[in-house]
Protein chains: 2
Amino acid sequence: MPARPLTAYERVKQGITEALGTGRWRHGQRIPSEPLLARRFGVSVGTVRKAVGELVGENILVREQGRGTFVVSHTRDYMLNVFFRIADREGRKELPQGTVLSFERTKADRETARLLRIAPGARVLRVETLLRLHDRPAVVDDIRLPLRLFPDLDERTFADRPGTIFGLFQSRYGLTVVRTEDFVTAALADDRRAALLDLAPGAALLHVRRTAFTYRDQPVETRVRYVSCVRHGYLNVLGKP
Amino acid sequence: MPARPLTAYERVKQGITEALGTGRWRHGQRIPSEPLLARRFGVSVGTVRKAVGELVGENILVREQGRGTFVVSHTRDYMLNVFFRIADREGRKELPQGTVLSFERTKADRETARLLRIAPGARVLRVETLLRLHDRPAVVDDIRLPLRLFPDLDERTFADRPGTIFGLFQSRYGLTVVRTEDFVTAALADDRRAALLDLAPGAALLHVRRTAFTYRDQPVETRVRYVSCVRHGYLNVLGKP
DNA sequence: TTCGATTTGTTCGTATGTATT
DNA sequence: TAATACATACGAACAAATCGA
């Protein structure tokens, strides 16, 4: 690797990401105006615009004309538009209502450890939730969180959070999810999940393994999600939106 | 809708898309240089750059420093990176080898007509193919094409094409796929598909309904794709790449 | 191999428009 | 209304990659 020197706008991008990663600028906050950033980094406004534009494209910042540029907040709407892929057969998306089925501290199995990049046997939180869409059970989630990142998280806090799970990560722990990787396969419902989802055992379910990452590719969560396909599926648009 | 007048860069975008849609600039070709386009549209180079930049983001053009800007070609590599979502459990993608199972002219059922935006009963081509990955049967496709767009397509031409299906659409019919919509659910294998995929009947399969669009949101193809989940799944990254 | 022409990539600076407060 | 902030647009200069003479 020749490691060519960074261009000016790359330096600005890195500087901004740095300020976000260390928590100097928090979610929902307005970041300094473009002329101010330009002076601070010693570049022109156009260069700042290029850097900020790329970060907007990466779902890290949002611009609002006349108001400023803000660190993204994981509001419900944002979640729905950026990360939530479950839709009904007409392509409509709706945020689910979740209930906690179990909440426990345990140790990471090999697969979880690999995905979260922690040591096998390191402590993790395991949370199972049942999600309802249109008031019908639709999704069962089996979530694993590295305890190191969420040391004081308890069931009450988790269940009574006002917004989304990613919103909780952000507001309480300063962890902003900027990327997820989904691997979708099909599976047969076992007795327990069939009962939870109100299906016959042996029904076909979507099995979604999703890992979520914050800045600099740090994994913060991995979950397995079982989706009832009676009314819903995984919707994905490739190309321009 | 007030229909505010287009900005300069939007006019340039529209002008370029127009030239693509009418086939004046064909896939693989180099489009005029930025200074030339700037003179032609009566705007500055910076404005052309913004327009071209957005079209690059929409997978319609590709820039190559020192060489020029080109209309995207559906090469195998391009397909693999932009539209092909099937990967093995380590996230590795590989282009499949396809064989034609059936090829016939028929009439559009209601669902096909709706998705292709043609009249119910309009003539369509139906093609079934079996795809192999790592030399094992992995995917069964059931493809519907509006005959109006592909009037002279026969089985031989389809089967003996040198590249991908989208590449054939582009090189022979001037239709460039720029967007697809995938709706993924789970299903149980019927006897025929189980036999084709070398699975037990009743195995869980991914059922992917995919519709492909060219410029200006015109649908050119819809297919149902059954994916064996023994070794593969549907891989999707949300957020920055 | 070298050199020069061409093309995109980066950066600067400035002016004006539009939305918000 | 005025101030602030992002959005659009212009023009200019140099860097970096490519390609053919």
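From a predicted model like this one, the values you see are computed outputs, not experimental measurements. Sequence lines set the chain letters: A, B, ... in the order given, protein chains first and strands last, and positions in each chain run from 1.
- The separation between B:Glu34 atom CD and D:dA13 atom P is 18 Å, rounded to whole Å.
- Salt bridge absent: A:Arg225 and A:Asp182 never bring a charged side-chain N and a carboxylate O closer than 4.0 Å.
- The backbone N or O of A:Lys13 lies less than 3.5 Å from a partner atom in the side chain of A:Thr17, making a donor-acceptor pair.
- The one candidate from A:Phe169, A:Phe84, A:Phe166 that meets the ring-ring contact (aromatic ring centres under 6.0 Å, His included) condition with A:His74 is A:Phe166.
- Distance, B:Arg63 CZ to D:dA15 C1': 16 Å, rounded to whole Å.
- Look at NZ on A:Lys13: it is 11 Å from P on C:dT10, rounded to the nearest Å.
- Across all non-hydrogen atoms, the minimal contact from A:Leu20 to A:Leu61 is CD1-CD2, 4.4 Å.
- Heavy atoms only, all atoms of each residue included: B:Phe183 and B:Thr185 are closest at CE2-CG2, 3.6 Å.
- Between B:Arg114 and B:Glu111 there is a salt bridge, since a side-chain N of the basic residue sits under 4.0 Å from a carboxylate O of the acidic one.
- Contact between the side-chain N/O atoms of B:Arg49 and the OP1/OP2 oxygens of C:dT8 is not found at any separation under 4.0 Å.
- For C:dT7, the OP1/OP2 oxygens have no side-chain nitrogen or oxygen of B:Thr69 closer than 4.0 Å.
- Within the model, atoms CZ of B:Arg49 and CG of B:Leu37 stand 12.0 Å from one another, a figure rounded to the nearest 0.5 Å.
- Atom pair A:Glu54:CD and C:dG9:P shows a separation of 12 Å (rounding to whole Å applied).
- Between A:Arg76 and A:Pro162, the closest heavy-atom pair is NH2-O, 2.6 Å.
- Taking atom CG of A:Leu37 as the reference point, atom P of C:dC12 lies 13 Å away to the nearest angstrom.
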| side chain to side chain contact (heavy atoms under 4.5 Å, CB included) between A:Phe83 and A:Val177: does it pass, once the steps are laid out? | CA-CA 10 Å; A:Phe83 292 114; A:Val177 172; 4.1 Å; yes
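- We find that CZ of A:Arg30 is positioned 8 Å from C1' of D:dA5, with the value rounded to whole Å.
- Taking atom CZ on A:Arg39 and atom P on C:dC12, their separation rounds to 15 Å, with Å as the unit.
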Which atoms of nucleotides 17-21 of chain D (N or O only) lie under 3.5 Å from a protein N or O atom, and what are those distances?
residue: D:dC19; atom: OP1; partner: B:Arg67; partner atom: NH1; Å: 3.3

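- Both distances falling under 3.5 Å, in either a Watson-Crick or a G-U wobble arrangement, place C:dT11 opposite D:dA12.
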N/O-N/O pairs, protein side and nucleotides 9-11 of chain D side, under 3.5 Å:
residue: D:dA9; atom: OP1; partner: B:Ala8; partner atom: N; Å: 2.2
residue: D:dA9; atom: OP2; partner: B:Tyr9; partner atom: N; Å: 3.1
residue: D:dC10; atom: OP2; partner: B:Ser44; partner atom: N; Å: 2.9
residue: D:dC10; atom: OP2; partner: B:Ser44; partner atom: OG; Å: 3.2
residue: D:dC10; atom: OP2; partner: B:Thr47; partner atom: OG1; Å: 2.3

